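Notes follow once the structure below has been shown.
Counting starts at 1 for both ligands and their atoms, following the listed order. On a predicted model such as this, the values are computed, not experimentally measured, just so you know.
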Amino acid sequence: MEYAFDSIHLTAHPTARSQATASRAIGAGSTVLAAPALATTLIPSEKGRRCDYCHLVPTEGEKLFKCTGCAAFWYCGTACQTKQWNVHHRKVCKRYNRYTASIEYQAMPPGHRTDALMLSQLLLEVFPKDEFGIEAATHRSDAVAHFFDLLKGPASRGNPTQISLCRPSNSAAVPPSIIEEVFARFGNNNFIVHSHLNSYAHGVFPLASRLFNHSCVPNCASKYVITSTEMMGMEIVALRDIEFGDELTIPYLDPALPFDIRQNTLQESYGFTCNCSLCNFQRASAPIPPLPTSPERLSALEAGLCAFVAVHVLQLDPSAPPPVSMGADAFSSLPSELHPLLGEGYLPTLSEEFSRASHEGPYDRAVAAGRVLLALYAVLYPQNYPQTGMHALELTKTAWNAIIAGERSEAPLNSSATRRLEDAARHYLSIASRVLEVYGPEGDMNGPLEELGVMRSLLEA
Ligand SMILES: C[S@@+](CC[C@H](N)C(=O)[O-])C[C@H]1O[C@@H](n2cnc3c(N)ncnc32)[C@H](O)[C@@H]1O
């Protein structure tokens with residue numbers, strides 16, 4: 001197939017068939033691709049909360065309407081209902097409830113049920129159209145063609161006959177070869193859809209899948225765009241300035257996951273060994289030395305990490321404003337005595353401690369844990385990675401809560417302690433703003449960008 005884009009070239013890749021390269025310089029925050037989903041499925045907890053077609057969450061005073069046939073699909077209005085009906089729902093509306101109540105469906109773990117629903121939907125999309133007289137599906141034939149042009153996943157992923165599918169009544173017409181062809185491309189081309197980084201659906205986006213290879217140090221990331229009455233869409237956004245000829249990559253998984261988990265998942269689900277700079281660094285630095293058992297030694301390492309990030313990643317200088325972006329590949333210059341902090345157990349423990357203390361207090365402990373966690377994110381995540389920005393925003397709110405708690409306490413904070421917390425909150429806010437403004441708005445209304453505005457006005461007051 002021929003592919004032509006504004007800022008992307010599809011060029012040969014030695015092991016991954018092809019790669020997307022920048023056909024011109026691309027600025028941080030630019031959208032390099034925007035495309036609607038071919039198929040999406042809401043996770044069970046989101047059913048009835050957002051429109052099954054466009055994914056909009058109704059605002060106060062608005063409500064969703066149930067499909068009167070199955071009472072299991074909800075829409076924000078007739079436009080979405082009609083589009084979904086024409087594309088695939090009318091093929092299964094009558095059978096849907098029997099399918100979801102079946103022993104085979106109920107026996108699947110929840111994650112597999114979402115996959116089974118989306119695989120069923122994909123099959124309905126790619127059946128010969130005239131079999132069902134589906135006119136509305138023809139404008140999606142490009143997406144279907146892109147889907148069949150995708151690489152197949154590893155053969156070890158199982159057999160489609162073991163999955164219980166929701167089939168239309170004349171399913172005898174579906175040749176097993178089509179089911180196999182769709183199944184073979186399904187597992188390695190299935191995105192987790194999020195709003196403000198909270199996962200709420202799974203989706204298939206054939207064009208993005210066709211173009212972008214994985215890196216744990218990606219220069220792009222996916223985000224999801226909800227537009228009333230339109231099929232929910234994906235955008236690929238540049239996280240940093242990209243030069244002509246650079247490969248455009250996205251993360252297929254969370255880059256801060258432990259090395260072994262990343263490698264195993266990429267091998268099992270996608271059939272390749274990742275050789276990005278983070279993986280190569282972690283391979284070369286294995287085994288990671290254990291964390292010190294003494295709390296004083298651990299605190300010294302944490303202070304060392306924060307100082308390293310302040311100088312080498314944020315390039316903070318008391319006389320200069322903060323730089324415009326977080327550092328790239330900061331891990332490669334991390335002094336070896338700080339490597340124990342990269343061990344797999346440390347980040348989750350710190351993250352739990354921050355989460356617990358930022359909800360229940362004490363807030364000063366939350367700020368201390370959150371500050372080290374931010375430094376670790378700045379080292380492990382690529383430049384302007386949205387998770388880093390979201391954490392910096394949480395940390396700003398936590399520092400603000402510490403100020404308010406200090407004011408209301410029976411033993412109030414003295415003025416210099418309050419000023420230190422205010423300075424810290426402004427510093428985290430500036431990091432959050434820089435990172436999240438590059439990523440831009442995602443998903444539902446009233447997200448982190450609005451929260452940044454609120455925090456800015458509180459801290460400026
Ligand atoms: C979603 S496709 C990406 C587009 C693919 N390059 C193509 O030509 O269609 C995913 C597949 O690309 C290959 N791939 C993606 N990232 C890779 C990487 N970093 N190294 C090697 N192969 C990769 C793997 O075969 C993987 O299953």
Side-chain angles (χ1 to χ4, degrees), residues 1-5 7-23 32-40 115 118-119 122 126 142-158 180-193 202-224 233-237 239 242 245-257 259-283 328-329 381-382 385:
M1 281 191 76
E2 286 291 309
Y3 293 91
F5 304 96
S7 50
I8 307 172
H9 264 149
L10 204 52
T11 54
H13 184 283
T15 57
R17 179 172 64 172
S18 60
Q19 62 186 352
T21 52
S23 57
V32 296
L33 181 83
L38 175 59
T40 64
D115 277 355
M118 198 160 67
L119 188 55
L122 262 177
V126 301
D142 274 358
V144 171
H146 296 152
F147 181 80
F148 280 112
D149 194 27
L150 296 176
L151 289 174
K152 294 180 185 180
S156 56
R157 293 204 69 257
E180 271 170 32
E181 288 292 307
V182 172
F183 181 79
R185 290 168 176 83
F186 177 69
N188 57 332
N189 294 295
N190 179 351
F191 288 81
I192 295 185
V193 177
H202 292 195
V204 174
F205 300 84
L207 204 47
S209 287
R210 178 65 186 87
L211 294 174
F212 301 104
N213 288 329
H214 162 85
S215 169
C216 306
V217 195
N219 52 14
C220 295
S222 54
K223 65 177 186 174
Y224 299 91
M234 171 195 271
E235 284 183 8
I236 301 292
V237 58
L239 294 177
I242 298 172
D246 283 356
E247 182 178 2
L248 304 168
T249 53
I250 59 171
Y252 291 2
L253 40 64
D254 182 345
L257 282 171
F259 172 77
D260 286 346
I261 294 184
R262 298 203 313 276
Q263 286 292 334
N264 291 342
T265 310
L266 292 170
Q267 196 54 257
E268 278 164 23
S269 301
Y270 301 93
F272 71 92
T273 301
C274 185
N275 288 311
C276 72
S277 53
L278 178 60
C279 285
N280 287 341
F281 164 78
Q282 287 176 323
R283 240 180 235 116
D329 286 13
Y381 279 130
Y385 204 64

*asked:* Out of all atoms in ligand 1, which are within 4.0 Å of some heavy atom of F212? Include the element for each.
replied: 3 (C)
*What do you reckon, does L150 put a non-hydrogen atom under 4.0 Å from ligand 1?*
no
*Does N189 approach ligand 1 within less than 4.0 angstrom via side chain, backbone, both or neither, non-hydrogen atoms only?*
side chain
*asked:* Polar contacts were defined as any N/O atom of the residue lying under 3.5 Å from an N/O atom of the ligand; does this apply to D149 and ligand 1?
replied: no
_What protein heavy atom lies closest to atom 15 (C) of ligand 1? Include the residue and the distance to one decimal._
N213 OD1, 3.2 Å
_Over all atoms of both residues, closest heavy-atom pair of P255 and Y385_ = CD-OH, 3.4 Å
_Side chain, backbone, both or neither: which applies to F272 and ligand 1 if a contact is any heavy-atom pair less than 4.0 Å apart?_
side chain
*Identity and separation of the nearest protein heavy atom to atom 11 (C) of ligand 1*: L151 CD1, 3.9 Å
*Rounded to the nearest 0.5 Å, what separation is found between the CD1 atom of I261 and the CZ atom of F259?*
12.0 Å
_F212-F205 aromatic ring centre distance below 6.0 Å_ = no
_If I take atom SG from residue C220 and atom CD1 from residue I8, how far apart are they, to the nearest 0.5 angstrom?_
8.0 Å
*Specify side chain, backbone, both or neither for Y252, according to which of its non-hydrogen atoms lie closer than 4.0 Å to ligand 1.*
side chain
*Starting at CG of D149, measure out to OG of S209 and round the result to the nearest 0.5 Å.*
11.5 Å
*Write out the residue and atom name of the closest protein heavy atom to atom 19 (N) of ligand 1, then the distance separating them to 0.1 Å.*
H214 O, 2.9 Å
*Would you please determine whether G153 falls within less than 4.0 Å of ligand 1 on a heavy-atom basis?*
no
*Please examine the side chains of V32 and F5, heavy atoms only from C-beta on, and report whether any two atoms are closer than 4.5 Å.*
no
*Numbering the atoms of ligand 1 from 1, which are under 4.0 Å from a heavy atom of Y270?*
24 (C), 25 (O), 26 (C), 27 (O)
*Please examine the side chains of Q263 and R283, heavy atoms only from C-beta on, and report whether any two atoms are closer than 4.5 Å.*
yes
*Could you tell me whether the side chain of F272 reaches within less than 4.5 Å of the side chain of N188, counting heavy atoms only?*
no
*Element-labelled atoms of ligand 1 that are located less than 4.0 Å from some non-hydrogen atom of R17*: 7 (C), 8 (O), 9 (O)
*How about L211 and L248: do any of their side-chain heavy atoms sit closer than 4.5 Å?*
no
*asked:* Considering both backbone and side-chain atoms of R210, is one of its nitrogen or oxygen atoms within less than 3.5 Å of a nitrogen or oxygen in ligand 1?
replied: yes
*So is there a nitrogen or oxygen of A16 less than 3.5 Å from a nitrogen or oxygen in ligand 1?*
yes
*Rounded to the nearest 0.5 Å, how far does CD of Q267 lie from OG1 of T273?*
4.0 Å
_Side chain proximity check, L239 to Y381, heavy atoms < 4.5 angstrom_ = no
*So which bit of Q19 gets within less than 4.0 Å of ligand 1, heavy atoms only: side chain, backbone, both or neither?*
neither
_Closest protein heavy atom to atom 4 (C) of ligand 1, given as residue, atom name and distance to 0.1 Å_ = S209 O, 3.2 Å
*Does any N or O atom in S18 lie less than 3.5 angstrom from one in ligand 1, N or O only?*
yes
